[in-house]
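Okay, so here's the structure we're looking at.
Just so it is clear, the values below take in all heavy atoms, side chains as well, and ignore hydrogens, waters and symmetry mates. Please read all numbers here as calculations on a predicted model, not as lab measurements.
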Amino acid sequence: MIFEVFSKLEEKIQQAVDTILLLQIELKELKKKNDDRKQEINSILLNVTQIKEENKKLQEEKNAWKDMLNGLLNKMNSI
């Protein structure tokens, strides 16, 4: 009877160890995925920053052209 109890206890301990090992593997995989996602986010944020800077530059160019064209139109209207 004691042998059966120890046998069941050993079986439960082995199941617990197996579960812990599987959870450790899963945790390692999830950490890797998390790191990959962080890198993706950083890359996207960098792209967003670059796009915002390019947009600002293009807006400034557009405003410069608009001012120049308005100046030309005013000169033509005054003739």
Pairs meeting criterion salt bridge (Lys or Arg N to Asp or Glu O under 4.0 Å) with involvement of residues 31-41, two or more places apart: K32-D36, R37-E40
Once you round to the nearest 0.5 Å, how far does CG of L69 lie from CE of M76? 11.0 Å
Would you be so kind as to tabulate the donor-acceptor pairs closer than 3.5 Å made by side chains of residues 10-30, with sequence neighbours excluded?
unit_1 : atom_1 : unit_2 : atom_2 : d
Q14    : NE2    : D18    : OD1    : 2.9
T19    : OG1    : Q15    : O      : 2.8

Would the number of heavy atoms belonging to other residues, nucleotides or ligands and lying under 6.0 Å from CE of M68 be above 12? yes
The reported gap from CG in L9 to CD1 in I2 (rounded to nearest 0.5 angstrom) is 12.5 Å
If I take atom CH2 from residue W65 and atom CG from residue L72, how far apart are they, to the nearest 0.5 angstrom? 9.5 Å
Any donor-acceptor N/O pair, S43 side chain to Q39 backbone, under 3.5 Å: no
Heavy-atom side-chain proximity of Q50 to N47 below 4.5 angstrom: yes
If you define the side chain from C-beta out and look only at heavy atoms, does anything of Q59 sit under 4.5 Å from K56? no
In Å and rounded to the nearest 0.5 Å, what is the NZ to CD distance from K57 to E53? 10.5 Å
Is N55 reaching over with its side chain to a backbone N or O of I51, donor-acceptor style, under 3.5 angstrom? no
Working to the nearest 0.5 angstrom, can you tell me the gap between E61 CD and N63 CG? 10.5 Å
Say you draw a straight line from CG of N77 to CG of N70; how long is it, rounded to the nearest 0.5 Å? 10.0 Å
